[in-house]
Amino acid sequence: MKENVVIIGGGIAGMEAARQLLLLGYHPIVVEQKDRLGGHVGQWHRLFPDMASAQDLIRGLGEEISDANIFLETKVNSINRLRDGYQVMLSNGVNVACRSLLVASGFQLFDAARKEEYGYGVYDHVITNSDLEAWFNGKPDVRIPEVPENVGFVHCVGSRDLKAGNLECSKVCCMTAVKQAIEIKEKFPSARVWCFYMDLRLFGKKYEDFYLGAQQEYGIQFVRGRVSEVGETADGRLQVKAEDTLTGKPLRVRLDLLVLMAGMACNPEMTRLARMARLDIDSDGFLKSLDNIRSINASNRPGIFFAGACTGPKTVPETLAEARAAALDIHRYLQKGL
Amino acid sequence: MIYEGKQKIWKDYQKEIPDDHWYYVRSCIRQNFFPASERKFTDITRNDLGKDVYETPYHTTCGGIAYHCDAIPQETAMTIVARQFALMTESGYENYVPSCVTSFGNYVEILETWREFPELETRIREQLWKACRREFNKPKYLAHTSDLIYHWRNEIAEKARYRLIDKETGEPVRMAEHIGCHYAKMFPSKGIGGAEYPYVLAGMIESWGGQVVDYPERRHCCGYGFRQYHMKANRGYCVSNTHKKFESMEPYGIQAILTNCPGCCYFMDRWQYVISEQTGKTYGKDGFGIPVFTYEELAGLVLGYDPWDLGLQLHQVAVEPFLDRIGVEYDPKAKYLGLNKEDLLKPELPTNLKCF
Amino acid sequence: MTDFGFKLSKSSAVELDKVDTTLFERLCEASPDARICMNCGSCGATCTAGPYSGMSLRKVLLGLQRGQDVRPLLSGCMLCGKCTMVCPRGINTRNLILNLCRIYD
Amino acid sequence: MIDRVASGFHPFVIPFVAGMVFVLGYCFIGIFRILLQLPAEDRKRFFISLVTPKTILKNIRDIFCDCLFHVKLWKRNRLLGYMHSSIAFGWFMLIVLGHIEVILFLPHRIRLFYYPIFFNFFVAEADSTIQGSLLFFLMDFFLLIILSGIALAMYKRIRSRIFGMRRTARPSLMNRIGLYSLWAIFPLRLLAESFTAHISGGSFLTIPANWVFRQFLGNDLNLLPTWWAYSIVLDVFMVVLPFSRYMHIPAEMMLIPLRNAGIRVRNARKGFAKVQVLSCPNCGVCIDACPMSVDKANIKDCTVYLTRQLRRKNERRIEEISDKCLLCGKCEAVCQVGVEGPALRIQLRSERKYALSPDYSCIPDPPPAESAGEGKVLYYAGCMSRLVPSVGRSVESVFRKAGIAYEWIDRDGGVCCGRPMYLAGRLEEAEAIVRKNEAQILGYGVGTLVVSCPICYKMFKEKYDLPGIRIVHYIDYMQELLDAGRLKASRSDLCYVYHDPCELGRGMGIYEEPRRLLGRIAAITESPKNRNESICCGGSLGSLTLSFAKREKMTRAALENLYDGKADAIATACPLCLATFSRYADRPVRDIAEIVDAQTVGTITKTEAI
């Protein structure tokens, strides 16, 4: 009989970990709140830097974990400590005893409506990065004009912002903005695109190429200054104000579409789990790893491990790598126990 | 504009407002600009709505204007405020309502500061005691007079003689609202509707039949700016801000502006004259300006008060086109008659801004 | 006109979508490099003419995109090529300046 | 020898005569126009030079060496030299010998200028004389020489490598016609003379050929068509000549006296420049020499194509070619006729109209000269030196060790020397910078100006008016310090390969001094391409349009030339070469100033110092 490992969260972290645990000879039980696997990436269109299809990634992972036990639309009701493991009660009535648990509960997209000055949900043509990906995936969106003339991207929405309750950088938004700006230019070659940034944090492999390409081939303009407020003009367009910090002048621009790069916020479900399993929460609100260098996958509780964005903003490849590392950690933990 | 989106935000920013028993404090500058507004507030609340609104002649300025002009330190303002609270306490009230937005902001700021730094409150209490042997309780509820009118807007609407509807077309009157900066920009949670999409004035306009029109520079300062205006050299900067607002408003065909701050009402009214002198441009129809009202004046108008009793002749921008639009009855000849029906003589006319 | 002793001042705001960038676009046709500046400021920091005319190619390029008159900055340029040497994006700055001097009107 | 044709005329000479009249007329009009185009001052100088015995001798020598013997080509590659000089000199000799024949045997026909060319047709052998057979022998001999040259030329079309040329210029249509007619002239002459040899006589080539032909062609019917063909081909060649590269033959004869008269390029389209352009033989030697040609895409931007496009008046290409060039001067150094590629390009650049001109009034003038600077040395590092601070620091350190009182004029920024502006063709603007800088330098009141950048050095030497100031590159100055014993040098255990910077070597002719200085303190090895054939580092300010990425290829190619097994490090004497090479070099790159600084100590005590 194969040993159970409960994986909380069926996003890419949970899926990759399940795949690895299957290969290592365990019986992973994936618990997912939603009615589908894949999490945020599952709703994304293309992934930088290779512009690979997010759907293909999820489909591929999904096929490889068909032997795992997957509970969709299921929540964890309680986690109780046993003598050498945990008793996990699920909302579908299933009760699992396991010696090891993986928390892969991910993040929550920052609710852009909370940045009231940007008017998400108030103005007709303000959308988020996530809305844009959904549109790229074919979901109709009345907020996106047929042929937008002027398009703006606002970086750091809900990130690096005390007022939004998140001082940290969400890491992926700069690159996402550059990627999406390029994609917008591909869809609407005549559009003028401005990215409003505070710092361009393009740290990863090939990211700088994207930035250069965005300037060189697509003529996307980068304006250093955070958008201060958005208003709607008489003809239903948006008036966006910012300071061009490089010239020290206030800027005003009329746009047909404004895309807010909503950052990664803590998942409230994760906070609930932390309370149930008595896991430590870090100062940024995310789960606290045992340490942030060697043991990013380890929690303060024996047998409970972390993978992915539940400990902080991560890119897709980082999340996948962490999931693999966590699977190995679990394997080692369980081996040692035997 | 997605109206439901705004409603969602408005729902997030509501505050508890007791229905009765308010200790009322007047604005120091407002009585010079639009003296009837405060008087009519007491009339409307006491007579029309039957509320207990108490005031005492012993109260002073709250110190906010001097504080915002960098003329006094905050501690001085705090001590002044402490005395105001002492007067309220002595009068047996615990709901405090100032008529000035800057006062309101000043009170909120001071109460929040005391909450964060209780030792400061203790020191102010000592200073007040040393200065005038008074003691005070902090108000249980703090509201701005516009909050109260907002609170009672539907009762006013029920008693209203006129509605904000164009008599000719039957269309709602297109109105812009302008909120004083000190109302909620410092403490968004203290204003009805928050800081980005305040509802306090929009609620009145909607309730009385008008249509609220949003425009891009809605949030922008009226062009007073306290110490900016008080330095004559900086007044060009002040009026430029007002100019920016009116330029932004222009395409929307706005028929009137409702304000809740003494300075805003005054400057948005008077600067229209200065702008018209300097640029030759007016923003209303046929060479008129856009009339700017206080919420008391607008409440008074819909309730059927005589426009000249509401002091509307003290506005630079002529209000008659607006009165005609919603069908308010008035005697054009009585515009410049004093209380004793004595002729006050007509004021000198501007070059470009049409006044009648 | 009544003299109030003060005047409306012109807004310093840049209307990003309305500002006339024809010159910049024409420059980009001649020197596509103009688009890839990342505003690091190396050129201005090393500029021989910088202390005299305030020249900084970064300011010139940004100024053109914001509809500013950059001629006073350019006037001191001696074409020495130090900016070419330091530009991390490898922009051919001298050619760009020459092209700009040709098309400026 | 006796006249065979009583009238002294035959219709087949008409094509030749027509061609000759055309080409001579064309050339005379051309000379007249060019002389008119020359500035009055230059024209005067030219005429004076034509009557100055020294220049006359020089002109004759140069024309023989360059036009007939192709001495420069011999030096470059013997086979190439032989190929060119065999045709040029051989043909020259055929013409000369033809005239001698006419003078000797038919002096009354000397006025018919086609006679020397078609001599064999018009004569019949009476009784052979020693004179005649010798001349016939010489005629056949030189014809053979030419034919060998033609054979080589044909082979060169297939394999240019054995002539030391990797790439040659692609011939245009006119050049092809010219080329093929040139190739055809001499075999046809051989045929014509061979068919006529039994009448006119001949020598070791023509008589055996005549015998062979007569074995199977028993009559003289072939005689006339070959002479006709010979004349027609000559006509074709001469008619095509003004429109092909063969214009270089007459043009070079004009170029040599003009150059010897000391005339310089002042306008890229007219006068002297026009003669240079016409003098370009399209040999394509400049293609291999050009550092840009490491990239195939740039081959069409070499000087040979500039002259071609200038003749075609293709303005778009002229602008492209003139802007791209690094102005390293190597094409000029290897050019056998001396086409000044860089000077032509600078002039072409100067034709550009700019809507915006700089205004250097923002640079403040210095306070009036003070006498405090007397005896002091002024050091001008230059813009580029300030980007490689080691150069300035080393020069300064050497000054200190030698006890030299100095001022560093541009330590914290200064005025550019103006050469980059000059190279961009903005001559007036460069002039304005020069005047500004002169004022700055004179403000110090010094007697010596030491420069560390060859770019500045060339500019100071050629364009500055600094009365009473000696302008010296640190190479010379440091040598003097060592000679005077103010510095004591020790030898480095490193072996250096010295890279000749363009502006110092080809630009100023300074090749030996750096080697002498460096040789005193270190071992030197030479790279295959050195001195005036040194390869530009690719960083040159001369190019206006070459992108950074394209320059990289050139830099790497130049470094390849310097990678010598023996060399531990590369030495140079130009801050721009230093910065450019340092980017990609696999071994250390040092400025000679740095090496001198590292290898020397001061010999005098502080009190002795001035």
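The structure presented is a predicted model; accordingly, all values stated were derived computationally and were not measured. Each chain gets a letter, A, B and so on, in the order the sequences are listed, and its residues count up from 1.
Once rounded to the nearest 0.5 Å, the distance linking CD of Gln278(B) with CG of Asp3(C) reads 8.5 Å.
Heavy atoms of other residues, nucleotides or ligands lying less than 6.0 angstrom from NZ of Lys346(B) number 12 at most. For Lys59(C), the NZ atom is loosely surrounded, since the number of other residues' heavy atoms within 6.0 Å does not exceed 12. Within a 6.0 Å radius of OH in Tyr237(B), no more than 12 heavy atoms belonging to other residues, nucleotides or ligands are found. The 12-atom threshold is exceeded at CE of Met1(B), counting heavy atoms of other residues, nucleotides or ligands nearer than 6.0 Å.
Counting heavy-atom pairs under 4.5 Å between each of Thr242(B), Val239(B), Asn234(B) and chain C puts Val239(B) at the top.
Residues Glu277(B) and Phe4(C) share a closest heavy-atom pair of CB-CE1, 3.6 Å.
Checking side-chain atoms of Ser240(B) against main-chain N and O of Ser9(C) turns up a donor-acceptor pair under 3.5 Å.
A distance of 6.0 Å or more separates the ring centres of Tyr229(B) and Phe6(C).
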